[in-house]
Amino acid sequence: MAGPILVFDSGVGGLSVVAALRRHLPDAALAYVCDNAMLPYGTRPDAWLVERIVAVCRAAVAQAGADTLVVACNTASTLALEGLREALSIPVVGTVPAIKPAAQQSRSGHIALLATSATVSRPYTQRLIDSFAPHCRVLRLAADPLVAEAEAWIRGGSLDVTVLRAALAPLAADPRLDTVILGCTHFPLLGSALAAAAPGDYDWVDSGDAIARRTAQVALSPDAWRGRGASLVTGSAVGLGDGFAPFGFAPPALLRVP
Ligand code: DGL
């Protein structure tokens, strides 16, 4: 039977991917799951994360009856895609930092990767840089505090501009920088506030559209729309009902992870 496409992230970041999926696949049934009890992922140890991500996704796929999984999290994808594909019998689409398009579109060849501490230091990320941006100068910038800003923003809070400015200030170290990769799915949710707080005028690149295009190729039931999708959380749902509604999801239910 046709099931929804399940979008997974540690927190609300996957909603930026949901927005791209809704644009590319308007007839798809989507469900959402976030492991917000363990947020943020970006500062946790790798071995622990792999086990946790597989356990959460396995439980969520079963509870949502999903037939496709989109891992809308760079921190999880650069680590656990292989484990997820081994553990699940449905198509799994991952998210990787948009290093290739950024390297292609940069005029100066100076680009920056803005992501979590985990993503900027992963071997997977290094391999992407070696393969797709060997001719570029790549500034890697860990910006974990932006995750909490996006979480607060979706819950109706206001942004702390001083946090945004402090996180982005190191970009000024390279005056020739022209392109910034948003390598954490939380960051596109902050939208124009990031551009306003940045120390220069940059092109911002994220992976949302590429993930949606890939999902359209592999999803088993891309046209099974049946109204608002389920949303699942492992931690507190406070403030998330209103935050999820504009993305087409019902108020969150609790996911129990064995
Ligand atoms: N949204 C996640 C990503 O794309 C990371 C957030 C976290 O640190 O949990 O990497």
Side-chain angles (χ1 to χ4, degrees), residues 1-39 41 52-77 80-81 83-96 150 154 185-186 188-189 206-237 239-258:
M1 206 178 82
I5 297 168
L6 177 66
V7 181
F8 161 73
D9 183 37
S10 55
V12 302
L15 296 175
S16 69
V17 176
V18 166
L21 286 167
R22 296 258 186 236
R23 283 196 302 275
H24 286 255
L25 291 167
D27 297 328
L30 302 183
Y32 193 76
V33 58
C34 64
D35 188 13
N36 61 339
M38 297 301 163
L39 183 85
Y41 274 2
R52 174 73 186 176
I53 290 164
V54 170
V56 171
C57 288
R58 209 199 283 264
V61 163
Q63 188 155 326
D67 66 15
T68 306
L69 175 68
V70 175
V71 184
C73 176
N74 295 264
T75 308
S77 297
L81 275 183
L84 283 168
R85 290 188 172 128
E86 268 165 28
L88 298 167
S89 56
I90 59 174
V92 177
V93 178
T95 301
V96 293
I154 287 292
T185 52
H186 278 73
L189 295 173
D206 68 60
S207 314
D209 285 322
I211 301 164
R213 281 195 298 271
R214 180 68 191 146
T215 306
Q217 287 167 351
V218 305
L220 296 183
S221 326
D223 49 8
W225 169 255
R226 35 177 184 267
R228 286 199 306 171
S231 70
L232 300 167
V233 294
T234 57
S236 166
L240 286 180
D242 287 348
F244 283 177
F247 292 88
F249 295 113
L254 186 68
L255 173 72
R256 287 185 202 287
V257 183

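All values reported here derive from a predicted model rather than from experimental measurement.
- Scanning both residues, Gly94 and Arg85, for their nearest heavy atoms gives N-NH2, 4.1 Å.
- The closest donor-acceptor contact from the side chain of Ser207 to the backbone of Thr95 lies at 3.5 Å or more, if one exists at all.
- By the salt bridge (charged side-chain N to carboxylate O under 4.0 Å, His left out) test, Arg52 is found to be paired with Asp35, residues two or more places apart in sequence or in another chain being considered.
- Counting all heavy atoms, side chain and backbone alike, Gln63 lies closest to Leu232 at NE2-CD2, 3.4 Å.
- Note: Leu88 CG to Cys57 SG = 7.0 Å, rounded to the nearest 0.5 Å.
- A distance of 11.0 Å separates CD1 of Ile154 from SG of Cys34, quoted to the nearest 0.5 Å.
- One finds the CD1 atom of Ile53 at 12.0 Å from the CE atom of Met38 (value rounded to the nearest 0.5 Å).
- The minimum heavy-atom distance between Phe8 and Ala76, with the atom names listed, is CE2-CB, 4.1 Å.
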From CA spacing to verdict: side chain to side chain contact (heavy atoms under 4.5 Å, CB included), Val33, Val7:
CA-CA 6 Å; Val33 58; Val7 181; over 6 Å; no
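- Of all heavy-atom pairs spanning Pro252 and Leu240, the tightest one is CG-CB, 3.9 Å.
- What you find for Ala66 and Leu6 is that their closest heavy atoms are CB-CB, 3.6 Å.
- Side chain of Asn36 to backbone of Ser10: no donor-acceptor contact under 3.5 angstrom is found.
- Separating the OG atom in Ser231 from the CG atom in Leu15 is a distance of 9.0 Å, to the nearest 0.5 Å.
- In this structure, Asp67 CG and Leu220 CG are separated by 4.5 Å, a value rounded to the nearest 0.5 Å.
- Phe244 pairs by the ring pair (Phe, Tyr, Trp, His ring centres under 6.0 Å) definition with Tyr32, not counting sequence neighbours.
- Under the salt bridge (Lys or Arg N to Asp or Glu O under 4.0 Å) criterion, the residue pairs touching residues 9-33 are Arg23-Asp209, with sequence neighbours excluded.
- Taking all atoms of both residues into account, the shortest heavy-atom contact from Pro188 to Thr185 is CD-O, 3.2 Å.
- Taking CG of Leu21 as the reference point, atom OG1 of Thr215 lies at 5.0 Å (rounded to 0.5 Å).
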